[in-house]
2 protein chains.
Amino acid sequence: MNPSSFVNSFPSGANAAAADASSVNLRVGGDRRKQRSRRKEARPSELAAAALELFVERGFAATRLDDVAASAGVSKGTLYLYFNSKEALFKAVVQEAIVPELIAAEQFMANHRGSAAEVLRELTFFWWRHSGATRLAGVPKLMIAESGNFPELAKYYHDHVMMRGRALLGAVLARGIESGEFRRVDLETAIDLIIAPVMMLHVWRYSVCAHEREIDAEAYLTMHCDMIIRGFATEGNPA
Amino acid sequence: MNPSSFVNSFPSGANAAAADASSVNLRVGGDRRKQRSRRKEARPSELAAAALELFVERGFAATRLDDVAASAGVSKGTLYLYFNSKEALFKAVVQEAIVPELIAAEQFMANHRGSAAEVLRELTFFWWRHSGATRLAGVPKLMIAESGNFPELAKYYHDHVMMRGRALLGAVLARGIESGEFRRVDLETAIDLIIAPVMMLHVWRYSVCAHEREIDAEAYLTMHCDMIIRGFATEGNPA
DNA sequence: TTTGCTACTGACCAATCGGTCAGTAATGTA
DNA sequence: TACATTACTGACCGATTGGTCAGTAGCAAA
């Protein structure tokens, strides 16, 4: 007894008023129905793209699936044809938006010939160009914000994104240590310390002081790289 | 027509069923009412303490005021006697829990005699002991998570906490530069780079990899201080 | 044109939660 | 004991939203 036509024909009980109110509009509006097309192939990535935009802007919990669907030009029902739940939608977002960037970074790193310091610096700015300066920048903040209440998402992100990023940095550091360019430091801790300010740059731009103080990303990342390289350099090495 | 007794006497309309269902329990339960005391003075800080715990654990939006009230041993109605809104409660939490720690840090810093490097290192570990290792540690993550959807809170936290913390660090750096111990670097950027890993340490422990990988805070902060001091040291100065 | 398949719709449901307020009871006062 | 004050309660309201599903309509084969 769900469809509006039926309810309108036989209004009954408490919801009669509400049902009437909304469907009168429909009727007055006449047959002005939105043209609807059937494009099974394109829907999932369109929905994922819309979801990325809204998740980043409002957070996972605060994003309404109605809005995601509308933003992708379909109804919420359609969204549920392609994703079984809100969490499934999130995983698709990570898969479609972030993993390709990670692969690009891995290739960039594999092909780069130069000192570890150079690679480190260029990798940082590569990261910035491909992630920090794009709409992907909001994802780290998104993860930090929501991971507590959605441990499933957190684990997914950790396994599919964080670990790969850390491995990348670890390789650069190991290369530098092996060549005698860097001091022998604890790899895991060093990775943490390199990543932290980069993550924080993203986070800050999307929260706390978002509108209070602009951070000069260029200057910030430059100084960060200087500090890291200088801090890890072996004694004899010119920082 | 709100009180249950009245509604029960004259059940009518759509909510009769629901009203009955819930108040039958009350009656069957008999007069087993919780002893209630009147302690106007103690309530606000008890509520704020309960709120801190829950905000940090679940986030601002996800924390129910019913739970905060219950956790403080009162009803939600009582909570609203002392705080006009959820946001007002948050401000009280910051005021009661964080500002005292900031004052302690300011005093610690003012009384400390030593090189800028020493002060920086000790201030970092002071911070860790007083905030990072306590339940306050969750607050930075809380702010990052919620600031997007609650700009009012973000501004409050920024003005009352961030700015004071930054001023503190700025003073240490300025002292170091003046004495020739540190290089002449851009203060704002340097502050950002010192704070970022400390914030990130808190954040990490409360999210993303919270249960995936333990971070050795001691080692992490030690290396961080080493890097900062080494990175800012003037040429002639022994790092 | 008819029929069958299925992509798509949107009203609805059930549960959640910030906030309200009429009523209750603990405490002080006479 | 009678009365006044007020801290406290908890059922209720209204708005919100993830998820459902009976029904609609685009499309192609017969």
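Here is how names work: the chains are called A, B, and so on, in the same order as the sequence lines, proteins then strands, and each is numbered from 1. It should be emphasised that the depicted structure is a prediction, and the values quoted were computed from it without experimental measurement.
Atom-to-atom, CG of L65(B) to C1' of dG19(C) comes out at 9 Å; the value is rounded to the nearest Å. Look at CG on N149(A): it is 15 Å from P on dT16(C), rounded to the nearest Å. Atom P of nucleotide dC27(D) and atom CZ of R39(A) are separated by 11 Å, given to the nearest angstrom. The nearest whole Å value for the distance from the CG atom in L89(A) to the C1' atom in dT17(D) is 15 Å.
In this pair, F60(B) and F55(B) present their aromatic rings tilted. The plane angle is within the 30 to 60° band. Between W127(B) and H202(B), the ring planes lie perpendicular to each other; the angle is over 60°, past the 30° to 60° tilted range.
Taking the salt bridge (Lys or Arg N to Asp or Glu O under 4.0 Å) definition, one finds that D159(A) meets it with K155(A), sequence neighbours left out. With sequence neighbours excluded, the residues that form a salt bridge (Lys or Arg N to Asp or Glu O under 4.0 Å) with E106(B) are R164(B).
Residue pairs satisfying the salt bridge (charged side-chain N to carboxylate O under 4.0 Å, His left out) criterion with at least one member in residues 129-143 of chain B, sequence neighbours excluded, are listed as follows: E53(B)-R135(B).
Note on R43(B): a side-chain N or O is less than 4.0 Å away from OP1 or OP2 of dC8(D).
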In a table with atom names and distances, give each donor-acceptor pair under 3.5 Å that connects a side chain of residues 87-99 of chain B to protein atoms at least two apart or in another chain.
from   : atom 1 : to      : atom 2 : distance (Å)
Q95(B) : OE1    : Y156(B) : OH     : 3.1

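In terms of heavy-atom proximity, R43(B) sits nearest to S37(B) at NH2-O, 3.0 Å. For S147(A) against A154(A), the heavy-atom pair with the smallest separation is CB-CB, 3.4 Å.
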Distances under 3.5 Å between protein N/O atoms and the N/O atoms of nucleotides 4-6 of chain D, please, pair by pair.
from   : atom 1 : to     : atom 2 : distance (Å)
dT6(D) : O2     : R38(B) : NH1    : 3.2

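Near DNA chain D, defined here as any heavy-atom distance below 4.0 Å, the residues from residues 76-88 of chain B are G77(B), T78(B), L81(B), Y82(B), listed numerically.
Where A61(A) and D66(B) each meet DNA chain D at their nearest nucleotide, the meeting point lying more 5' is that of D66(B).
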